[in-house]
Amino acid sequence: MAKHISNMNELQAALMPTMVKMVDVLAKRVYETLNYLLQEYYNSYDPKSYRRQYVFLRSAVKVEPKIKGNKVVASVYIDTDSMNNYYNATGVQVAEWSNQGLHGGLDTGSKAPHVWDDTMDETVNNGTLLKMAMEYLKSKGFSVRI
């Protein structure tokens, strides 16, 4: 059914539900990629001197999209505050090491992913999210061109 829109405020109001759903789809993709790379990071090293508690593996967070002014915003991040049980390391240090391919601050010789940078490379930097946004909008009847 066609909508009659006579001003920018009405256009914005008409587009917001679509934008919220699209941003949720895009954030979900980033979250899934981050979780995949966290698992690959864990798979890249088998510790001999300690038993893992898997806190870092479960540290990814996806915040549901919210309308803020004329934007729709969602967040995906590593909850470093939840990683408070490491010996001689903070959650921030663990996340930074994982982004350098290090385990416990050490180069173990493994092919560990750089967790956050690789997540960005596989979603944002390679154009995947842009392509997904365009496909989503097309599926909703929008004409989209680059």
Side-chain angles (χ1 to χ4, degrees), residues 1-45 47 50-106 110-146:
M1 179 160 99
K3 290 185 179 185
H4 178 71
I5 296 174
S6 59
N7 62 51
M8 291 303 287
N9 289 337
E10 290 177 1
L11 177 61
Q12 181 178 344
L15 290 175
M16 277 303 165
T18 300
M19 297 305 293
V20 168
K21 290 175 185 169
M22 181 186 75
V23 168
D24 190 47
V25 167
L26 300 178
K28 182 179 179 188
R29 176 60 174 269
V30 174
Y31 179 75
E32 290 170 349
T33 302
L34 176 57
N35 275 299
Y36 172 79
L37 288 164
L38 283 167
Q39 185 63 60
E40 288 299 303
Y41 176 79
Y42 268 75
N43 292 346
S44 71
Y45 180 64
Y50 64 91
R51 188 171 43 159
R52 287 182 160 157
Q53 295 182 10
Y54 299 96
V55 177
F56 183 45
L57 181 64
R58 298 182 197 102
S59 67
V61 175
K62 175 186 165 284
V63 177
E64 297 302 312
K66 292 184 176 45
I67 298 171
K68 293 189 178 189
N70 62 355
K71 299 178 183 178
V72 178
V73 179
S75 299
V76 175
Y77 62 94
I78 295 171
D79 181 8
T80 57
D81 292 338
S82 71
M83 299 185 285
N84 59 4
N85 64 337
Y86 287 97
Y87 180 73
N88 285 337
T90 66
V92 171
Q93 287 172 315
V94 171
E96 288 174 351
W97 289 333
S98 75
N99 200 43
Q100 298 167 357
L102 306 175
H103 288 273
L106 303 172
S110 66
K111 296 289 185 193
H114 295 203
V115 175
W116 190 253
D117 287 347
D118 289 353
T119 297
M120 292 298 97
D121 285 345
E122 292 186 25
T123 56
V124 178
N125 299 338
N126 69 358
T128 295
L129 290 187
L130 177 59
K131 182 178 177 185
M132 288 177 66
M134 291 175 54
E135 289 171 359
Y136 185 87
L137 291 171
K138 286 179 183 178
S139 76
K140 301 302 177 192
F142 292 89
S143 177
V144 181
R145 287 177 279 204
I146 294 185

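Counting begins at 1 with the first residue of the sequence.
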- [ ] Carefully, step by step, assess Val30 and Met120 under the rule side chain to side chain contact (heavy atoms under 4.5 Å, CB included).
- [x] CA-CA 8 Å; Val30 174; Met120 292 298 97; 4.1 Å; yes
Task: Where His114 and Gly101 come nearest, the two heavy atoms and their spacing - done: CD2-N, 3.6 Å
Open item on the list: Run the side chain to side chain contact (heavy atoms under 4.5 Å, CB included) test on Lys131 and Thr128 for me, step by step, so that the C-alpha distance in whole Å, both residues' side-chain angles and the decisive distance to 0.1 Å come before the verdict.
Closed with: CA-CA 5 Å; Lys131 182 178 177 185; Thr128 295; 5.8 Å; no
Task: Side chain Tyr42, main chain Leu57, donor-acceptor under 3.5 Å - done: yes
- [ ] Evaluate whether atom OH of Tyr136 has more than 12 neighbouring non-hydrogen atoms of other residues, nucleotides or ligands under 6.0 angstrom away.
- [x] yes
Open item on the list: Please give me the minimum heavy-atom distance between Ser98 and Ala95, naming the atom from each residue.
Closed with: OG-O, 2.7 Å
Open item on the list: Run the side-chain hydrogen bond (donor to acceptor under 3.5 Å, both in side chains) test against Asn84 and tell me which residues pass, sequence neighbours left out.
Closed with: none
TODO: Any chance you could lay out the side chain to side chain contact (heavy atoms under 4.5 Å, CB included) test for Leu37 and Glu122, step after step, and finish with the verdict?
DONE: CA-CA 10 Å; Leu37 288 164; Glu122 292 186 25; 4.3 Å; yes
Task: Reported CG-to-OG1 distance for the pair Asn99 and Thr119, which is rounded to 0.5 angstrom - done: 8.5 Å
Open item on the list: Met22 and side-chain contact (heavy atoms from CB on, under 4.5 Å): which single residue from Leu26, Val25, Asp24 fits?
Closed with: Leu26
- [ ] Using the test side-chain hydrogen bond (donor to acceptor under 3.5 Å, both in side chains), find all partners of Thr80 that sit at least two apart in sequence or belong to another chain.
- [x] none
Task: Euclidean distance, Thr90 OG1 relative to Gln93 CD, rounded to 0.5 Å - done: 3.5 Å
Open item on the list: Do Arg58 and Ser82 make a side-chain contact, defined as non-hydrogen atoms from C-beta onward lying under 4.5 Å apart?
Closed with: no
Open item on the list: Just to verify, what does Glu10 make a side-chain hydrogen bond (donor to acceptor under 3.5 Å, both in side chains) with, not counting sequence neighbours?
Closed with: Ser6
Task: Trace of the side chain to side chain contact (heavy atoms under 4.5 Å, CB included) decision for Leu34 with Val115 - done: CA-CA 7 Å; Leu34 176 57; Val115 175; 3.6 Å; yes
Task: Residues forming a side-chain contact (heavy atoms from CB on, under 4.5 Å) with Ile67, sequence neighbours excluded - done: Met16, Val20, Val72
Open item on the list: Tell me the closest heavy-atom pair linking Ser44 and His103, and the distance in Å.
Closed with: OG-NE2, 3.0 Å
Open item on the list: Quick test of your reading: applying ring pair (Phe, Tyr, Trp, His ring centres under 6.0 Å), list the pairs with at least one residue in residues 66-88, sequence neighbours left out, ordered by first then second residue.
Closed with: none
Task: For Lys28, all residues meeting side-chain contact (heavy atoms from CB on, under 4.5 Å), sequence neighbours excluded - done: Glu32, Lys62
Task: Nearest-0.5 Å distance that lies between atom CE in Met134 and atom OG in Ser143 - done: 9.5 Å
Open item on the list: Using only atom types and a distance under 3.5 Å, with no angle test, would you say the side chain of Gln100 pairs donor to acceptor with the backbone of Trp97?
Closed with: no
- [ ] Supply the atom-to-atom distance Leu130 CG to Thr123 OG1, rounded to the nearest 0.5 angstrom.
- [x] 12.0 Å
- [ ] For Gln12 and Asn70, work out which heavy atoms get closest and say how close.
- [x] NE2-CA, 3.2 Å
Task: Glu40 CD to Ser110 OG distance, which is reported to the nearest 0.5 Å - done: 11.0 Å
Task: Interatomic distance, Tyr36 atom OH to Asn43 atom CG [nearest 0.5 angstrom] - done: 8.5 Å
- [ ] Work out which heavy atom in Asp121 is nearest to a heavy atom in Asn125; give both atom names and the distance.
- [x] OD1-ND2, 2.7 Å
- [ ] Please work out which of the three classes, parallel, tilted or perpendicular, describes the rings of Phe56 and Tyr41, given edges at 30° and 60°.
- [x] perpendicular
